[in-house]
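Start at 1 with the first residue, then count along the sequence.
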Amino acid sequence: MTIRVLLADDQALIRAGFKMIIDAEPGMQVVAEAGDGREAAELARTARVDVVLMDIRMPVMDGLEATRRICADDALAGVRVLVLTTFEDDDNVLLALQAGASGFLGKNVAPADLLGAVRVVAAGEALLSPTATRGLVTRFLAQLRPPAPTTTAALDVLTDREREILVLVAHGLSNEEIAARLFLSPLTAKTHVNRAMTKLDVRDRAQLVVLAYQSGLVRPDDRL
């Protein structure tokens with residue numbers, strides 16, 4: 001099955017470079033390009049895409065609002081947004097994750113990391129950093145407002161095991177790493193993660209991480 005990709009960036013040269021890399025990869029295809037956020041939000045629906053590579057700073061409508069609209073649209077529940085950013089966009093990356101983005105990539109990403117990232121988010125996983133720089137993600141999430149009591153109470157729907165696994169997800173562990181730590185099979189770990197997402201009504205792993213920090217279940221200075 002071909003992964004259908006939408007490129008949203010106001011710089012044609014960047015779009016051309018990413019398109020060349022993606023179209024050369026078997027099983028992937030750039031099916032649409034947008035030069036602003038409004039166009040990206042429209043094309044996400046009409047072009048039937050699986051993954052949107054979304055720049056943040058664009059004219060007409062920025063990538064944050066476009067991400068928010070895509071992720072809030074029930075008709076686009078299967079569409080994953082991967083934000084393209086630079087390290088100067090720290091605050092915006094946090095806002096993009098809160099808006100529903102499945103992760104982020106630096107614009108200077110290596111071709112192999114770009115392709116791997118598209119595959120990861122297309123499979124419904126979260127990509128918080130292509131090089132596993134979890135400290136950077138923690139710094140973003142540390143800027144969140146103090147947890148609200150209602151958000152903390154929402155975690156009561158989780159079993160003890162699901163809560164334990166949520167902590168590990170928030171620390172950036174993959175299903176395989178969670179399975180090894182808890183002496184489970186990767187499939188069992190994935191099942192627990194999926195159940196937690198269903199109970200907490202979040203669309204993917206990135207939103208689980210945000211919720212874990214917002215609720216106070218995990219703090220930026222916590223260590224495993």
Inset, instruction - In sequence, state the C-alpha distance, the side-chain angles, and the governing distance for Leu105 and Val83, and then conclude on side chain to side chain contact (heavy atoms under 4.5 Å, CB included). - result: CA-CA 6 Å; Leu105 283 172; Val83 171; over 6 Å; no
Inset, instruction - Could you pull out the closest heavy-atom pair between Ala47 and Ala32, with the gap in Å? - result: CB-CB, 3.9 Å
Inset, instruction - Kindly indicate whether the side chain of Met28, heavy atoms from C-beta on, has any atom under 4.5 Å from the side chain of Thr2. - result: no
Inset, instruction - Report yes or no: do Thr188 and Ser185 form a side-chain donor-acceptor pair below 3.5 Å? - result: yes
Legend entry - Donor-acceptor pair, side chain of Arg57 and main chain of Asp62, under 3.5 angstrom: no
Inset, instruction - Would you mind checking if Asp55 and Lys107 are paired as a salt bridge, meaning a charged N to carboxylate O distance below 4.0 Å? - result: yes
Legend entry - Verify same cluster id: Val60, Leu43 (apolar side-chain graph, 4.5 Å): no
Inset, instruction - Please tell me if the side chains of Leu155 and Leu166 come closer than 4.5 Å, counting only heavy atoms from C-beta onward. - result: yes
Legend entry - side chain to side chain contact (heavy atoms under 4.5 Å, CB included) assessment of Leu114 paired with Phe18: CA-CA 8 Å; Leu114 171 65; Phe18 283 171; 3.8 Å; yes
Inset, instruction - Taking the side chain as every heavy atom from C-beta outward, state whether Met54 and Leu82 have any atom pair closer than 4.5 Å. - result: no
Legend entry - Rounded distance [0.5 Å steps], CD1 in Ile3 versus CE in Met1: 8.5 Å
Legend entry - More than 12 heavy atoms of other groups within 6.0 Å of Arg38 CZ: no
Inset, instruction - Verify the cluster assignment for Leu53 and Met61: are they in a single hydrophobic cluster under the rule of side-chain heavy atoms below 4.5 Å apart? - result: no
Legend entry - Contact summary for Leu115 and Ile22, nearest pair of heavy atoms: CD2-CA, 4.0 Å
Inset, instruction - For Arg161, look at atom CZ and say whether over 12 heavy atoms of other residues, nucleotides or ligands are found less than 6.0 Å away. - result: yes
Inset, instruction - Using a strict 4.0 Å threshold on nitrogen-to-oxygen distance, state whether Arg69 and Glu42 make a salt bridge. - result: no
Legend entry - Stepwise salt bridge (charged side-chain N to carboxylate O under 4.0 Å, His left out) check, Glu162 with Lys199: CA-CA 10 Å; Glu162 289 164 352; Lys199 289 181 178 180; 2.9 Å; yes
Inset, instruction - Determine whether Leu182 and Leu168 make a side-chain contact, defined as any pair of heavy atoms from C-beta on separated by less than 4.5 Å. - result: yes
Legend entry - Charged N-O contact under 4.0 Å between Arg163 and Asp156: yes
Legend entry - side chain to side chain contact (heavy atoms under 4.5 Å, CB included) assessment of Val49 paired with Val5: CA-CA 6 Å; Val49 303; Val5 179; over 6 Å; no
Inset, instruction - With the side chain counted from C-beta on, respond yes when Val31 and Leu6 share a heavy-atom pair under 4.5 Å apart, and no when they do not. - result: no
Legend entry - Distance in Å, Arg181 CZ paired with His171 NE2, rounded so as to fall on 0.5 Å steps: 9.0 Å
Legend entry - Minimum-distance pair of heavy atoms, taken over all atoms of Leu64 and Ala99: O-CB, 4.3 Å
Legend entry - Beyond-backbone contact of Asp50 with Val79, side-chain heavy atoms, under 4.5 angstrom: no
Legend entry - Point-to-point distance, once rounded to the nearest 0.5 Å, from CZ of Phe183 to CD1 of Ile178: 14.5 Å
Legend entry - Salt-bridge contact Arg45-Asp73 (side-chain N to carboxylate O under 4.0 Å): yes
Legend entry - Closest non-hydrogen atom pair, Val51 against Val118: CG2-O, 4.0 Å
Inset, instruction - Side-chain contact test, heavy atoms from C-beta onward, threshold under 4.5 Å: evaluate it for Asn194 versus Thr191 and give yes or no. - result: no
Legend entry - Same apolar cluster (I L V M F W Y, side chains within < 4.5 Å links), Ile14/Met20: no
Legend entry - For Ile70 against Ala44, the heavy-atom pair lying closest together: CD1-CB, 3.8 Å
Inset, instruction - Report yes if the side chains of Leu211 and Leu200 come closer than 4.5 Å at any heavy-atom pair, otherwise no. - result: yes
Legend entry - Residue pair Asp36, Asp10: steps toward the side chain to side chain contact (heavy atoms under 4.5 Å, CB included) verdict: CA-CA 6 Å; Asp36 62 67; Asp10 62 336; over 6 Å; no
Inset, instruction - Mind listing the closest non-hydrogen atom pair of Gly35 and Arg15 along with its distance? - result: CA-NH1, 4.0 Å
